[in-house]
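Counting from 1, the numbers follow the sequence of the chain as shown. Model, not experiment: these values are computed from the prediction.
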Amino acid sequence: MMLYPPMAELIDKVGSSYALINLVAKRAREISAEAEEQGIPLTKKPVSAAIDEVYTGKLTVHKDADAHTEANRDPQLEKDLEEYVATLSTEPVGDETLAGTVPEIILTDEDMQG
């Protein structure tokens with residue numbers, strides 16, 4: 001069974017599995033918040049949408065040492081994301097993104113270390 005998108009390719013795009021989980025978790029929270037604020041029903045899970053954005057290159061890692069601290073992390077969301085990544089679908093995904101725009105996600109050096 002082959003996962004889609006391939007985990008190895010996702011990890012190559014961001015540098016490490018830890019950075020991938022942090023990046024996707026942060027973007028998934030943003031997608032969820034945007035949808036709730038705008039009253040838009042989501043057709044796919046926020047984590048799936050964020051993974052698709054990483055895979056297609058719409059979402060990339062930018063390092064900034066002063067951007068966020070450990071206190072801003074959501075441990076439950078990160079745990080849920082780790083579990084979700086372990087069960088990724090084998091089906092190809094479409095090119096859907098929320099509102100067609102992807103904000104810049106900034107990860108600190110702490111986010112990049114495993």
Side-chain angles (χ1 to χ4, degrees):
M1 179 169 100
M2 189 168 157
L3 295 177
Y4 189 87
M7 283 299 297
E9 289 184 33
L10 291 170
I11 292 169
D12 287 345
K13 290 180 183 282
V14 297
S16 74
S17 58
Y18 189 76
L20 174 65
I21 289 169
N22 279 301
L23 179 65
V24 171
K26 287 180 182 190
R27 179 61 181 140
R29 284 192 295 267
E30 289 178 356
I31 290 170
S32 181
E34 288 172 11
E36 187 174 329
E37 286 174 9
Q38 298 173 12
I40 299 171
L42 295 174
T43 58
K44 66 170 33 175
K45 294 180 179 180
V47 171
S48 296
I51 288 171
D52 293 346
E53 291 174 359
V54 171
Y55 186 66
T56 60
K58 295 177 183 175
L59 181 60
T60 58
V61 174
H62 296 278
K63 295 182 188 179
D64 183 357
D66 298 323
H68 297 284
T69 65
E70 183 74 26
N72 291 335
R73 293 190 179 164
D74 183 345
Q76 182 60 47
L77 184 58
E78 289 183 15
K79 180 181 178 229
D80 292 345
L81 178 62
E82 288 174 349
E83 291 172 4
Y84 178 77
V85 168
T87 62
L88 283 176
S89 170
T90 58
E91 299 296 319
V93 293
D95 290 336
E96 302 172 13
T97 60
L98 180 65
T101 61
V102 179
E104 181 176 307
I105 303 287
I106 299 174
L107 296 180
T108 65
D109 288 336
E110 292 172 356
D111 293 333
M112 301 299 289
Q113 298 175 2

Could you grab the distance from atom CG of Leu42 to atom CD1 of Ile40, nearest 0.5 Å is fine?
-> 8.0 Å

Is the shortest heavy-atom distance from the side chain of Val54 to the side chain of Arg27 under 4.5 Å?
-> no

With rounding to the nearest 0.5 Å, note down the distance linking CZ in Arg29 to CD1 in Ile31.
-> 11.5 Å

Can you name the one residue among Ile51, Val14, Leu10, Thr60 that meets side chain to side chain contact (heavy atoms under 4.5 Å, CB included) with Leu23?
-> Val14

Rounded to the nearest 0.5 Å, what's the gap from OG on Ser48 to CD on Glu53? Could you check?
-> 11.0 Å

Is the side chain of Lys13 donor-acceptor paired with the backbone N or O of Gly57 at a distance under 3.5 Å, no angle test?
-> no

Taking all atoms of both residues into account, what is the closest heavy-atom pair of Ala28 and Ala50, and its distance?
-> N-CB, 4.0 Å

